[in-house]
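The structure appears right after this line, and notes come after that.
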Amino acid sequence: MNARTDPKLLHPRPQLSNAHLDALEEETIFILREVAATFERPALLFSGGKDSLVLLKCAEKAFGAGSLPYPLLMIDTGHNFHEVTDFRDQRAKELEAELIVRSVEDSMARGTVRLAHPEESRNAHQSVTLLEAIEEFRFDALIGGARRDEEKARAKERIFSHRDSFGQWQPKAQRPELWTLFNTRVAPGEHFRVFPISNWTELDVWQYIEREHIGLPSLYYAHQREVVERRGLLVPITPLTPAKEGEVAQTRTVRFRTVGDITCTCPVPSLAATPGEIVIETLAADVSERGATRMDDKTSEASMEKRKKDGYF
């Protein structure tokens, strides 16, 4: 093989500038430090997914390994991919960070969560368990990795998002954020949800992962998986999501653009096996990662906004 026949030389990878990542990282670190300085009992939501791992990397730069000023909090549906939860535990241990895990199954045992039927997705019910954790630990700020480019409702939300005493988000009562000045006053029982990477895009995240050599769960890269096509999505075949009558399972090369509850998270066809290859693939994507992979966002145009008003992160 020579320069005339090598496909990598015939079609070299576009040289993308990542200079803007410095500004995004600086803004994120500023917000993380602002939360630590302003609130009494903050926590960083950490699932082991790519966005929370990017956020954790920025927190490590802001405070240093073993010096995070707030605990990591995970709301576990009990239906998460083990590759993700294993990676979550590994990173928390490496950083010597306090990891708090609260389970939807515990809320079900208490009777505060009741499923309509045994096969119902537990994803939306995380709101109840999250609010119970906020009350248990008296958290006044929760930091998360949501981004504006993910979904319409998230695009409307402020970086410092005020929640009332019921944990609800009121879109028409948001506070202005001019010149990076944040109004963080809260009344008893209220709290904030804070989104330090709100201004990042999926492409920014992958460029940052490549630049910083951030490790991720293997699900994010191309692998063989048995799937069925359903409602325009590739549904993974698992004990929780078996093939339905009449569906034909097939083995495809796929990866996950986002990871969450197994019952509502789908992979996409992909041969991308490195962050650099995913950067190129993301450049050509014309559907957001949630729109391409999340069954819970297919119910209606306002499904995410409704869940956020009910306390969803």
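This structure is a prediction, so every number in the text was calculated from the model and none was measured. Numbering starts at 1 and runs along the sequence shown.
Note on I29 and L68: separate hydrophobic clusters, where clusters join Ile, Leu, Val, Met, Phe, Trp and Tyr whose side-chain heavy atoms are under 4.5 Å apart, directly or indirectly. When the side chains of ILVMFWY residues are joined at heavy-atom separations under 4.5 Å, either directly or via intervening members, I214 and L95 end up in a single hydrophobic cluster.
Side-chain contact between L130 and L45: present, with at least one pair of heavy atoms (C-beta onward) separated by less than 4.5 Å. For the pair E60 and E212, the minimum side-chain heavy-atom distance is 4.5 Å or more. By the 4.5 Å heavy-atom criterion applied to side chains, L21 and E210 are not counted as neighbours. At a threshold of 4.5 Å between non-hydrogen side-chain atoms, the residues H162 and F160 do not count as touching. Counting heavy atoms from C-beta outward, T28 and I31 have side chains that stay 4.5 Å or more apart. Side chains of R225 and L234 form no contact here, defined as non-hydrogen atoms less than 4.5 Å apart. Within the 4.5 Å cutoff, no side-chain heavy atoms of V254 are placed close to those of C266. Under the 4.5 Å side-chain criterion, counting only non-hydrogen atoms from C-beta, D149 is not in contact with D204.
Only one option out of E202, E150, E281 pairs with R257 in a salt bridge (Lys or Arg N to Asp or Glu O under 4.0 Å); it is E202. Each of R122, H79, R110 was scored for a side chain to side chain donor-acceptor pair (under 3.5 Å) with E105, with one residue passing: R122. For the side chain to side chain donor-acceptor pair (under 3.5 Å) with T77, the qualifying choice from D261, T263, N123 is D261, the only one to do so. When each of T112, V104, D76, D106 is paired with T129, the side-chain contact (heavy atoms from CB on, under 4.5 Å) condition holds for V104 and for no other.
Taken from CG in L53 to CZ in F46, the straight-line distance is 4.5 Å, to the nearest 0.5 Å. Residue I197 holds its CD1 atom at 7.5 Å from SG of C58, rounded to the nearest 0.5 Å. Rounding to the nearest 0.5 Å gives a distance of 12.5 Å between OG of S107 and CZ of R114. Distance check, rounded to the nearest 0.5 Å: NE2 of H191 to CG of D164 gives 8.5 Å. Once rounded to the nearest 0.5 Å, the distance linking CZ of F256 with OG1 of T265 reads 7.0 Å. For the atom pair CZ of R211 and CH2 of W206, the computed distance is 16.0 Å after rounding to the nearest 0.5 Å.
Ionic pairing of E277 and R255 is not present here: no N-O contact between side-chain nitrogen and carboxylate oxygen is shorter than 4.0 angstrom. Ionic pairing of E157 and R163 is present here: one or more N-O contacts between side-chain nitrogen and carboxylate oxygen are shorter than 4.0 angstrom. Using a 4.0 Å cut-off between a side-chain N of Lys or Arg and a carboxylate O of Asp or Glu, E132 and R102 do not qualify as a salt bridge.
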I would like to know whether F30 and E26 meet side chain to side chain contact (heavy atoms under 4.5 Å, CB included); could you show each step before the answer?
CA-CA 6 Å; F30 165 74; E26 181 180 354; 5.7 Å; no

Test side chain to side chain contact (heavy atoms under 4.5 Å, CB included) applied to L32 and L55, step by step:
CA-CA 9 Å; L32 288 168; L55 197 52; 4.3 Å; yes

Kindly determine whether T180 and I159 satisfy side chain to side chain contact (heavy atoms under 4.5 Å, CB included), including the steps that lead there.
CA-CA 10 Å; T180 64; I159 292 176; over 6 Å; no

After noting the C-alpha distance and the side-chain angles of R175 and N183, does the key distance pass the side-chain hydrogen bond (donor to acceptor under 3.5 Å, both in side chains) rule?
CA-CA 7 Å; R175 299 174 178 181; N183 181 348; 3.3 Å; yes

Candidate pair W200 and V54, rule side chain to side chain contact (heavy atoms under 4.5 Å, CB included), full reasoning:
CA-CA 11 Å; W200 297 47; V54 164; 3.8 Å; yes

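Between P42 and Y70, the shortest heavy-atom distance links the atoms O-CB, 3.3 Å. When every heavy atom of V228 is checked against every heavy atom of A243, the shortest pair comes out as CG1-CB, 4.0 Å. For the residue pair V227 and P236, the shortest heavy atom distance occurs at CG1-CA, 4.0 Å. Of all non-hydrogen atoms in V279 and Q207, the two that sit nearest each other are CG2-N, 3.9 Å. Between E120 and A116, the closest heavy-atom pair is OE1-N, 2.5 Å. Taking each heavy atom of G49 and V84 in turn, the nearest pair found is N-CG1, 4.2 Å.
S127 places a side-chain N or O within 3.5 Å of a backbone atom of A124 that can act as its donor or acceptor partner. A donor-acceptor pair under 3.5 Å is absent between the side-chain atoms of R91 and the main chain of G48, judged by distance alone.
The local environment of CG in L271 is sparse, with at most 12 non-hydrogen atoms from other residues, nucleotides or ligands closer than 6.0 Å. Around atom CD of Q174, more than 12 heavy atoms belonging to other residues, nucleotides or ligands sit under 6.0 Å away. The number of heavy atoms from other shown groups lying within 6.0 Å of CD (E226) is above 12.
Taking the six-membered ring where tryptophan is involved, the planes of F39 and F192 are tilted, since the angle between them lies from 30° to 60°.
In this structure, a donor-acceptor pair under 3.5 Å is present between the side chains of T253 and Q224.
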